[in-house]
Structure formats: structure tokens, C-alpha cells
Amino acid sequence: MVTVRAPATSANLGSGFDVFGAALSRPADVVTVEKAAETTIEVTGVGAQYIPEDPEKNTVGAVVEALDAPARIHIDKGVRPASGLGSSAASAAGAAVALNRLYDRGLSREELVPIAAEGEAVVSGVAHADNVAPSILGGFTVTTAEGTHSVDAAVPLVVCLPDVAVSTRDARRVVPETASIEDLVETVGNAATLAVGMCRSDPDLVGLGMTDPVVTPERARLITGYDDVRERAFDAGATGVTVSGAGPAVIAACRERDRRGVAAEMIDAFAGAGIEARAYQTRIGRGSTVIDD
Ligand SMILES: Nc1ncnc2c1ncn2[C@@H]1O[C@H](COP(=O)(O)OP(=O)(O)O)[C@@H](O)[C@H]1O
Ligand SMILES: N[C@@H](CCOP(=O)(O)O)C(=O)O
């Protein structure tokens, strides 16, 4: 039996659509696997009632297939589904690390990234790896068709999750198909600024680079109260605010001393829009960790 804690993640970070990701120190899924002749999946925890246990429909089913590793699998969800916090990816990442160990497949963490990404194709139609990469490797990650680069970064974050669901599949439909050269230049500049900020663990640069003129404005329309939440977070000291993944979670970078106030203001702003929300005071954290073997 192998048990793995797989962290929530925030993809895109504004300027890095389908490329940037960050592992969050909390929340996390816990995935336990045991060898079995046939694969079975049991799901408990947050939002378990919305998650299929059929291996054809659960993200971990695709990982089992790819690793040819049938197992009895238990997923204890700490990351709510349809959150923008890489819920579907956390389970897939945890299963990839756990099954690789259980069956002694000998794959590196980097090699497990595209395998776990197969799970994302099951739910969103695209095997985007920007959530599974940080959930497996930890830190801040840059994922392209060539592979993933990761760096550790110490940046305090708040993710505020409203009590509404946005599916990644739906939120991908509003992504513009083209962008102007001006928007491209702005996006590249912001993305580069953010990457430098991560390498320096500098919340000011990270926050500055979180702005994106192309994808985020369209996604933000799907989140009731977004503009107010963003403004109130900045007023409380956030250095940057954007949609987390495909939403509805909203992520803010800040200094440690401002984190509590930023979280409170974001929750209050959602409440003003008639929506209950919870905030995780978190930071960039480690990747999937074997906690029982
Ligand atoms: N192991 C899993 N964990 C979470 N969601 C899953 C899992 N397997 C399948 N799903 C489905 O994936 C969808 C949530 O994924 P997605 O829309 O990408 O949201 P998130 O941003 O939270 O990952 C839901 O429809 C859920 O039923
Ligand atoms: N790059 C993807 C990331 C989706 O993240 P999720 O946490 O919402 O699943 C996208 O923006 O569609």
C-alpha cells in the first residue's frame, strides 16, 4: 500500500496561460493505492458526491491505464472539484506518484508529468499539464511541449474560493482564439517579470507579472463579484490578483504580514456579492509526498 499527499495548484497565474503553475502548501488530496486485479476507485472528502468513481471518468483512471497499474484506489479529497485549484490534477498527480512507487515503474517525477496530464484530458478535453506539473514537482513550474522547469519560491499567497462551481471545460470555451501583437508584447513582459519574481521570491515582481490582457478578462466575467474582490485585495496590500486556473478561485500574491487582511477582504467582497467564500492563507509549497509506504 502507498499513500501520497498531492497538493492543490494554481495554474496560469494570469500571464502564463497553460504554462505557469504553482504548488500550494494547502489544501491537498490524499491518494492511497493497493495492488488489485481490477481497478476500483472510492472517493471521500470535499465535493466527493460530484466526482465519478468510474475509472473511465475519474482522472486517476487514465493514470492507471498509462502506467498499466491496476489498483484499489482511495481518494480523500481536500481540493474541491471545479475550483480552479487543480482538483482533478491533484488526484491524478497523487495517483501517478503512488502507482509508480507501488509497481516499481522507476519513472522520474518529470516523466510522470505527461502521464498525469492524461487525466486532465478526461475532464477538460485537453491534456494541459500546468496543474499536474507543480502538484508532482512542487514550487513554481513552467511547462511547455518540451517539458517542465521548476524552481522553489517563497511567496505568500491567498486563494479565495467562492461557493460556486466553474468547470475548466466550460471556462476554456471563453478563451479568445487570437490576440493582438500589443497584447502579446504585454503578456510576454508580464510573464517574464513574474518568472524573475519567482526566482527571487519577490512578491512585488510576482504580483506585477500576474496581469494578463487576453484570457483573464474573459474568465473574470464568469465569476460574480470578481472586480470588487480584486480591488479589495489590492486595498489590503495584495501585490497582484488574478483568476486561479479556470476559476472560480481568485489568487492574490502578497507579503506575509498582509496575508490575513487580504484573505478577510476577499471573503467580505464575495459576501457583498451574495456569495459565501472561504480563503486559504497559503504559499508556494512542495510537490506530491509519499506519507505512507
Ligand atoms: N479525481 C478527481 N478529482 C476531482 N475532480 C474529478 C476527478 N475525476 C474526475 N473529476 C471531474 O473533474 C471535474 C473537475 O475538474 P475541473 O473542472 O478541471 O476543476 P478543477 O479546477 O477543480 O480541477 C468535475 O467534473 C469532476 O467530477
Ligand atoms: N490552463 C488551464 C488550467 C485549469 O486549471 P483548473 O485548476 O481550473 O483545472 C486553464 O486555464 O484552462
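Numbering of ligands and ligand atoms starts at 1, following listing order.
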Among the clusters formed by ILVMFWY side chains lying less than 4.5 Å apart, do Phe270 and Leu157 turn up in the same one?
no
Glu120, any N or O under 3.5 Å of ligand 1 N or O:
no
Within the structure, does Thr59 bring an N/O atom to less than 3.5 angstrom of an N/O atom in ligand 1?
yes
Gap separating the CG atom of Asp18 from the OG1 atom of Thr144, nearest 0.5 angstrom:
12.0 Å
Identify the heavy atoms of Ser87 and Val79 that sit nearest to each other, and give their distance.
OG-O, 2.7 Å
What atoms in ligand 1 come closer than 4.0 Å to a heavy atom of Gly86?
21 (O), 23 (O)
Quick one: look at Lys57 and ligand 1, take heavy-atom pairs under 4.0 Å, and tell me if it's side chain, backbone, both or neither.
backbone
To which of Ala82, Ala48, Gly247 does the heavy atom nearest atom 19 (O) of ligand 1 belong?
Ala82
Could you identify the single nearest non-hydrogen protein atom to atom 16 (P) of ligand 1 and state the distance to 0.1 Å?
Thr168 OG1, 3.2 Å
Considering non-hydrogen atoms of the protein only, which is the closest contact for atom 24 (C) of ligand 1, and what is the distance?
Pro81 CB, 4.5 Å
Residue Glu111 excluded, over 12 heavy atoms near CD under 6.0 Å
yes
Could you tell me whether some N/O pair between Asp29 and ligand 1 is separated by less than 3.5 angstrom?
no
Would you tell me whether Ser244 and Ser10 have side-chain atoms, one donor and one acceptor, within less than 3.5 Å of each other?
yes
Answer with side chain, backbone, both or neither: which part of Arg80 has a heavy atom less than 4.0 angstrom from an atom of ligand 1?
backbone
Short side-chain to backbone donor-acceptor contact, Thr32 and Thr3, under 3.5 Å:
no
Taking atom types as modelled, find out whether Thr9 and Asn131 have a side-chain donor-acceptor pair closer than 3.5 angstrom.
yes
The protein heavy atom nearest to atom 3 (N) of ligand 1 is Lys77 NZ, 2.9 Å
Could you establish whether Ala246 and ligand 1 come within less than 4.0 Å of each other, counting only heavy atoms on the residue side?
no
Which protein residues have a heavy atom under 4.0 Å from ligand 2?
Ala11, Asn12, Phe17, Asp18, Gly84, Leu85, Gly86, His128, Asp130, Asn131, Thr168, Arg172, Arg219, Gly245, Ala246
Residue-level breakdown please: for Ser91 versus ligand 1, do any non-hydrogen atoms fall below 4.0 Å on the side chain, on the backbone, on both, or on neither?
side chain
With respect to Ser88, determine whether any N or O atom, backbone or side chain, lies less than 3.5 Å from an N or O atom of ligand 1.
yes
Charged N to carboxylate O below 4.0 Å: is that the case for Arg255 and Asp204?
yes
Sidechain N-carboxylate O distance under 4.0 Å for Glu256, Arg283:
yes
Determine, considering heavy atoms only, which of Ala62, Gly84, Gly119 sits nearest to atom 21 (O) of ligand 1.
Gly84
Rounding to 0.5 Å, atoms CZ (Arg232) and CG (Asp227) come to a distance of 13.5 Å
Side-chain (Asn58) to main-chain (Gly61) donor-acceptor, under 3.5 angstrom
no
Atoms of ligand 1 under 4.0 Å from any heavy atom of Ser167, numbered from 1 in the order shown, are 17 (O)
Give a yes or no answer on whether the side chain of Ser91 reaches the backbone of Ser88 with a donor-acceptor pair at less than 3.5 Å.
no
Quick one: pull up NE2 in His74 and CD in Glu42 and give me the separation to the nearest 0.5 Å.
4.5 Å
Can you report which non-hydrogen protein atom sits closest to atom 26 (C) of ligand 1, along with the distance?
Tyr50 O, 4.0 Å
Heavy atoms only: which of Val31, Ile51, Val123, Val46 is nearest to atom 11 (C) of ligand 1?
Val123
For Thr282 and Ser25, test the side chains for any donor-to-acceptor distance below 3.5 angstrom and give the result as yes or no.
yes
